[in-house]
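One structure is given here, and the rest of the page talks about it.
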Amino acid sequence: ETNFFGAVRMIKAVLPDMKRRQSGHIVVISSVMGLQGIVFNDVYAASKFAVEGFCESLAVQLLQFNVFVSMVEPGPVNTDFELKLMEEVSRSEFPGTDPATVRYFKDVYLPASHEIFTTLGQSPAAVAEAIVNVIGARRPAFRTQTNRLYTPLVALKYADPSGDLSVRTYYRLLFNYGTLFHLSM
C-alpha cells in the first residue's frame, strides 16, 4: 500500500499541473531490491519492482511534457528500524512455517543479512545527500544508486540475460561466503 500505491497516488496528484506547466521533476525513492530480489524480502522486492516498472513507463511518456522522473535506489541503510526489526525477527517463532525454513532463516539468512548491512550499509545522511543531488540536478538521471559498493551486484542482473549469474552469486554471497565477502569489502 505504501511502497507502490502511495507513490502512484502522489504522482497522480502532482502530474496534471506539471504537464500543464510543461515542467517538472518527480523523484521517487525505490531500492536496489526493485532491481534484484533478495531471499526473505520477496513482498518488499515485489513492491519496489512495481515502482520501478511504473516509473520507467512514466519516464518515457512524460519526456514529451518536459517532466523528468528520477528513482533513487538505496541499498542497505543502517537505521534503528533495521536493528529493531532484526532483533524482533530473531526472537519470533513463525508458527506454521516448516522447521527447515525457520532454521535457514535464523541460522543462515539473519547472520548473512547482518554481514551485508555491516559491510555495505550506508548512513541515512549519505542517502539524503544523494537525494538532494538528484533533486538539484540540472539534467536529472533516471536511476541513481546511492551506494557504489552495491552497484556491481546489481550489474550482475544485466550481465547475464538468463538470470543465473545474479541468482547464483547472491546465493553464494548470502549462504556460502558471508565471512569471505565481509573480509573482501
Side-chain angles (χ1 to χ4, degrees), residues 1-10 27-55 71-134 143-157 163 165-185:
E1 192 60 35
T2 300
N3 289 345
F4 179 67
F5 292 113
V8 170
R9 283 191 294 272
M10 179 61 78
V27 179
V28 177
I29 308 305
S30 182
S31 169
V32 293
M33 278 201 245
L35 300 170
Q36 176 67 53
I38 302 292
V39 63
F40 294 113
N41 288 273
D42 37 26
V43 174
Y44 178 79
S47 72
K48 293 302 184 175
F49 267 79
V51 165
E52 294 273 334
F54 177 71
C55 288
M71 290 190 301
V72 178
E73 300 166 335
V77 180
N78 292 317
T79 65
D80 288 342
F81 173 80
E82 186 66 32
L83 182 63
K84 288 177 186 176
L85 179 65
M86 293 293 233
E87 288 172 1
E88 180 182 321
V89 167
S90 69
R91 291 188 304 266
S92 297
E93 294 298 317
F94 305 102
T97 305
D98 65 276
T101 299
V102 172
R103 189 172 50 258
Y104 183 59
F105 178 74
K106 287 186 173 185
D107 296 344
V108 179
Y109 171 75
L110 285 179
S113 181
H114 177 73
E115 281 290 310
I116 287 172
F117 271 84
T118 300
T119 305
L120 297 175
Q122 288 184 277
S123 70
V127 175
E129 184 178 329
I131 294 168
V132 168
N133 290 338
V134 168
R143 277 197 171 90
T144 300
Q145 291 178 10
T146 65
N147 189 332
R148 295 199 189 283
L149 292 174
Y150 208 86
T151 301
L153 297 174
V154 173
L156 292 175
K157 180 175 183 173
L165 180 61
S166 62
V167 168
R168 292 178 193 286
T169 300
Y170 271 91
Y171 177 84
R172 285 185 204 105
L173 287 175
L174 284 173
F175 302 112
N176 294 342
Y177 306 126
T179 303
L180 179 64
F181 176 64
H182 178 74
L183 291 172
S184 72
M185 297 305 290

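Since the structure is predicted, the reported quantities are computational estimates derived from the model, not experimental observations. All residue numbers in this chain count up from 1 along the given sequence.
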Check your understanding: How far does NZ of Lys106 sit from CZ of Arg91, to the nearest 0.5 angstrom?
Key -> 10.0 Å
**Study point:** Set of side-chain contact (heavy atoms from CB on, under 4.5 Å) partners for Ala46, sequence neighbours left out
**Key:** none
**Study point:** Check: Ser113 side chain, Tyr109 main-chain N or O, donor-acceptor pair, under 3.5 Å
**Key:** no
Point to revise | Where Gly37 and Ala45 come nearest, the two heavy atoms and their spacing | key: CA-CB, 4.0 Å
Exercise for review: Just grab all the salt bridge (Lys or Arg N to Asp or Glu O under 4.0 Å) pairs involving residues 28-45, residues at least two apart or on different chains.
Suggested key: none
**Study point:** Shortest non-hydrogen separation from Ser123 to Val77 and the atoms involved
**Key:** C-CG1, 4.2 Å
Practice item. Only counting residues at least two apart or in another chain, list the ones meeting side chain to side chain donor-acceptor pair (under 3.5 Å) with Arg9. Key: Glu1
Review point. Which residues pass the side-chain contact (heavy atoms from CB on, under 4.5 Å) test with Thr151, sequence neighbours left out?
Key: Gln145
Review point. How many angstroms lie between atom CD of Glu73 and atom CG of Asn147, to the nearest 0.5 angstrom?
Key: 12.0 Å
Check your understanding: Can you find a pair of side-chain heavy atoms, one from Val72 and one from Pro74, that are under 4.5 Å apart?
Key -> yes
Review point. Is atom CD of Glu93 surrounded by more than 12 heavy atoms (other residues, nucleotides or ligands) closer than 6.0 Å?
Key: no
Practice item. Quick one: list whatever passes side-chain contact (heavy atoms from CB on, under 4.5 Å) with Ser31, sequence neighbours left out. Key: Met33, Tyr44, Lys48
Review point. What pairs with Asp98 under side chain to side chain donor-acceptor pair (under 3.5 Å), at least two apart in sequence or on another chain?
Key: Thr101
Revision key, fill the gap. Hits for side-chain contact (heavy atoms from CB on, under 4.5 Å) against Val89, two or more places apart or cross-chain, chain-then-number order -> Leu85, Phe94, Phe105, Leu110
Exercise for review: Mind checking the CZ-CZ spacing from Phe54 to Phe5? Nearest 0.5 Å is all I need.
Suggested key: 10.5 Å
Revision key, fill the gap. Sorted by chain and residue number, the side chain to side chain donor-acceptor pair (under 3.5 Å) partners of Asn133 (sequence neighbours excluded) come out as none
Review point. With sequence neighbours excluded, what pairs up with Glu88 under the salt bridge (Lys or Arg N to Asp or Glu O under 4.0 Å) test?
Key: none
Check your understanding: Do side-chain atoms of Gln122 reach the backbone of Thr146 as a donor and acceptor pair under 3.5 angstrom?
Key -> yes
Review point. Does Glu52 have any side chain to side chain donor-acceptor pair (under 3.5 Å) partners at least two apart in sequence or in another chain, and if so, which?
Key: Ser30, Arg143
